[in-house]
Structures are given as structure tokens and as C-alpha cells.
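In this chain, numbering begins with 1 at the start of the sequence shown.
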Amino acid sequence: DAADDDAARSREADAYISSLAQIDGAQSKQQIDAALVHACRGGHGELVVPLLAAHASPHATDAEGVNCLMVAASNGHAEIIKLLLQAGAEINALQPRTGQSALKFACAFDRADCVAVLLEHGCVVDLQSGFHSTTAAHLACKYGHHACLKLLLDAKASPRPVGGGEVVGGVAPPGAQSPLVMAVQS
């Protein structure tokens with residue numbers, strides 16, 4: 001059945017990642033980087049340190065260009081985020097195709113603990129990127145992730161509209177969206 005197949009694949013992936021963590025010099029840089037991405041996705045903090053010690057890049061990406069920090073943020077692995085940042089991961093890096101940052105991934109997937117870690121380590125709270133130049137606050141509002149939004153507002157995230165110019169006389173121009181408007185529309 002499908003559940004048994006998924007469990008078997010998960011065990012195989014974990015065994016592969018564990019074998020790469022036991023670095024003997026025979027693995028390629030690409031294999032070690034791929035193992036780091038998988039360890040970050042699966043929450044295998046115990047494997048992240050040996051992989052980084054074996055020169056896995058904290059900037060490694062998956063096939064979609066999503067880096068380790070973004071993978072850890074979207075999957076709720078705050079401790080792995082700390083390890084990656086200590087290893088030099090770029091906290092405000094953007095996914096090339098969508099322009100999303102680790103903070104935006106954490107907000108989109110309601111990972112408040114990851115949002116807190118990223119903010120504590122100095123990420124740009126109002127970084128505008130991606131479709132319509134949205135911010136993390138826009139995503140937190142859009143998906144109703146109140147704990148993430150509270151952390152962002154406590155960090156002085158702007159509730160002002162983006163994507164359409166300046167607000168004049170209290171009125172946003174056409175095309176501009178504030179986080180509040182996104183919350184109401186969702």
C-alpha cells in the first residue's frame with residue numbers, strides 16, 4: 001500500500017543521508033550539498049553539522065533553486081536555521097524563480113518559531129520581492145498566520161501598501177496592496 005511505500009522511501013532517504021554524513025572523502029561536492037538540502041528538509045539536525053564540516057555549502061539549493069535556509073524555514077526547523085546561519089548562510093537570499101526569502105517561506109507555511117529565529121538574526125523584515133513585490137507581512141496576512149504577523153509587527157514590519165507607488169492623502173494608488181487588504185481578500 002501507499003503508506004508502506006512512503007515509509008520505505010523515507011527510510012531509504014534517511015539511510016542515504018546518514019551514509020553521506022559519514023564522510024570518507026569519496027562523495028562528490030554535489031552529493032554532499034544534496035544531502036545537506038535533504039537533511040534540512042527532513043529536520044535532521046544531527047546530520048547538518050557533519051555535512052557542513054565536510055564542506056557542504058550552506059547556500060546549497062534544490063532543483064528549484066530553494067536554498068537550505070528556505071527549506072529549513074518552510075519545514076519548521078528553527079534549530080537547523082541557526083546552524084546554517086552560523087555556517088554563513090545568507091539570511092536575505094532570494095529564490096531566483098519566485099523571489100521568495102527564508103522569512104517569506106516561514107510566514108507562508110506558518111512557522112512562527114522560524115520567523116522568530118530569522119528576525120533575531122537580523123533578516124530584513126520588509127524585504128520586498130517576488131510577485132507584486134510583497135513582503136513577509138503580506139503572506140502572513142494572506143494566509144491568516146497571526147503568530148507570524150505578530151512577530152513581524154513587533155519587529156516593526158510596515159503595514160503600508162507596496163507594488164503601486166506612494167500613498168497620497170491616505171489613498172493607495174491602483175495596484176497597491178497592503179497586508180490588511182490581502183488579509184480581507186483571503
Provide the closest heavy-atom pair for D113 versus G76 in the form atom of the first, atom of the second, distance.
OD2-O, 3.8 Å

Spatial distance of atom CG (D110) from atom NE2 (H146) [nearest 0.5 Å]
9.5 Å

Going through the checks in order, is the side chain to side chain contact (heavy atoms under 4.5 Å, CB included) test met by L149 and C141?
CA-CA 7 Å; L149 181 60; C141 284; 3.6 Å; yes

In this structure, SG of C40 is separated from NE2 of H77 (nearest 0.5 Å) by 8.5 Å

Are L84 and M70 in one and the same hydrophobic cluster, where Ile, Leu, Val, Met, Phe, Trp and Tyr link if side-chain heavy atoms are under 4.5 Å apart?
no

Minimum side-chain heavy-atom gap L103-L152 below 4.5 Å:
yes

Please tell me whether L94 and F105 are part of a single hydrophobic cluster in this structure, the criterion being side-chain heavy atoms less than 4.5 Å apart.
no

What residue among N67, V66, V71 forms side-chain contact (heavy atoms from CB on, under 4.5 Å) with T61?
N67

C148 vs V115 side-chain heavy atoms within contact, under 4.5 Å:
yes

Closest approach of L47 and A39, non-hydrogen atoms and distance?
CB-CB, 4.2 Å

C114 and A72 have their tightest heavy-atom pair at SG-O, 4.1 Å

Test of understanding: clusters of I, L, V, M, F, W, Y form through side-chain heavy atoms closer than 4.5 Å, transitively. Do L69 and V48 belong to the same one?
yes

Should E79 and L83 count as side-chain neighbours, where that means a heavy-atom distance under 4.5 Å?
no

Is the shortest heavy-atom distance from the side chain of L85 to the side chain of I81 under 4.5 Å?
yes

For the pair T134 and K104, evaluate side-chain hydrogen bond (donor to acceptor under 3.5 Å, both in side chains) and give the outcome as yes or no after the intermediate values.
CA-CA 9 Å; T134 58; K104 289 175 77 172; 3.1 Å; yes

Nearest 0.5 Å please: distance from the CD atom of Q95 over to the CD atom of E64.
7.0 Å

Quick check: is V117 connected to I80 through a chain of hydrophobic side chains (ILVMFWY, heavy atoms under 4.5 Å apart)?
yes

Interatomic spacing from CG in L36 to NE2 in H38 - rounded to 0.5 Å:
10.0 Å

Joint cluster assignment, F109 & Y143, ILVMFWY side-chain distance < 4.5 Å:
no

Is there side-chain contact between D154 and L119, with at least one heavy-atom pair below 4.5 Å?
no

For R41, is there an ion pair with D62 - N to carboxylate O distance below 4.0 angstrom?
yes

Closest non-hydrogen atoms of L118 and A73, given as atom of the first, atom of the second and distance, are CD1-CB, 4.4 Å

Under 3.5 Å donor-acceptor, H145 side chain and C107 backbone
yes

What one should report as the nearest heavy-atom pair of S57 and D33 is N-OD1, 2.8 Å

Kindly indicate whether the side chain of E90, heavy atoms from C-beta on, has any atom under 4.5 Å from the side chain of N92.
yes

Measure the CD1-SG distance between I91 and C123 for me, rounded to the nearest 0.5 Å.
5.0 Å

If I compare all heavy atoms of C68 with all of P58, which pair ends up nearest, and what's the gap?
CB-O, 3.8 Å

